[in-house]
Amino acid sequence: MSKTLVHDFAKAISSQNVAAIYRLMTSDHTFIDALGNEISSAEVMKTGWAGYFEMFPDYHIELVDVFENGNMFAAFGFAGGTYKGIKGKSWRLPAAWKVIVENNKIKLWQVYADTKMPFELMHS
């Protein structure tokens, strides 16, 4: 059941469905980006995801493997998007996520990826 929740959360992100993302997070949800920046609030992340989708309107996650250990998951796959929808400013890169589920909601979503490519596209 919880593995399905991880896939559902990734699908909500890939469809840029901020309302669904919000419903799937615990109120004290923690998001940690690839640079180690941490945000602990579903309310703040609701705004954060909306802003991220403005930068990358087609942002998507492709989960290839998800491994479960109790309420902790390791997910591996790819992430990608297009900066502001501008042709030629697309990226796709390998990524991994650490996920903790609590009460059938996502408590932690931590991203592991080399974000050099998206940042370079944003500033080119």
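Not measured: the values here are computed from a predicted model.
- Contact record, Met25 with Ala42: CE-O, 3.7 Å, taken as the closest heavy-atom pair.
- One finds the CG atom of Leu108 at 11.0 Å from the CD atom of Glu102 (value rounded to the nearest 0.5 Å).
- Without hydrogens or angle criteria, Gln16 side chain to Ser14 main chain gives a donor-acceptor distance under 3.5 Å.
- The shortest side-chain heavy-atom distance between Ile21 and Lys46 does not fall under the 4.5 Å cut-off.
- Distance OH/Tyr22 to CD/Glu43: 3.5 Å, rounded to 0.5 Å.
- The side chain to side chain contact (heavy atoms under 4.5 Å, CB included) test with Phe78 is passed by exactly one of Leu93, Val64, Leu63: Val64.
- Proximity of Leu35 to Thr115: side-chain heavy atoms (C-beta onward) are separated by under 4.5 Å at one or more points.
- Linking ILVMFWY side-chain heavy atoms closer than 4.5 Å, directly or via other members, places Phe76 and Val6 in two distinct hydrophobic clusters.
- Inter-residue side-chain proximity for Ile100 and Met72 is flagged as met; some heavy-atom pair is nearer than 4.5 Å.
- Separating the CG atom in Asp33 from the CD atom in Gln110 is a distance of 9.0 Å, to the nearest 0.5 Å.
- Checking each of Asp28, Thr30, Thr26 against Lys107 for a side-chain hydrogen bond (donor to acceptor under 3.5 Å, both in side chains) leaves exactly one that passes, namely Asp28.
- Val101 has its side chain within reach of Ile106: a pair of non-hydrogen atoms, C-beta onward, lies under 4.5 Å apart.
- In this structure, Phe31 and Trp49 have perpendicular ring planes: the angle between them is above 60°, well past the 30° mark.
- In this structure, the side chains of Ser90 and Arg92 stay at 4.5 Å or more apart for every pair of heavy atoms.
- Closest approach of Trp97 and Ala79 over heavy atoms only: CZ2-CB, 4.2 Å.
- Residues Phe73 and Phe67 keep their aromatic ring centres 6.0 Å or farther apart.
- Note: Thr82 OG1 to Trp91 CH2 = 9.0 Å, rounded to the nearest 0.5 Å.
- Rounding to the nearest 0.5 angstrom, the gap separating the NZ atom in Lys89 from the CE atom in Met55 is 13.0 Å.
- Considering OG of Ser15 and CG of Asp58, their distance stands at 12.5 Å, rounded to 0.5 Å.
- In the displayed structure, Asn69 atom CG is contacted under 6.0 Å by at most 12 heavy atoms of other residues, nucleotides or ligands.
- Ring geometry for Tyr59 versus Tyr52: interplanar angle over 60°, hence perpendicular rather than tilted (30 to 60°).
- A 4.5 Å side-chain heavy-atom check between Phe9 and Val99 finds every atom pair outside the cut-off.
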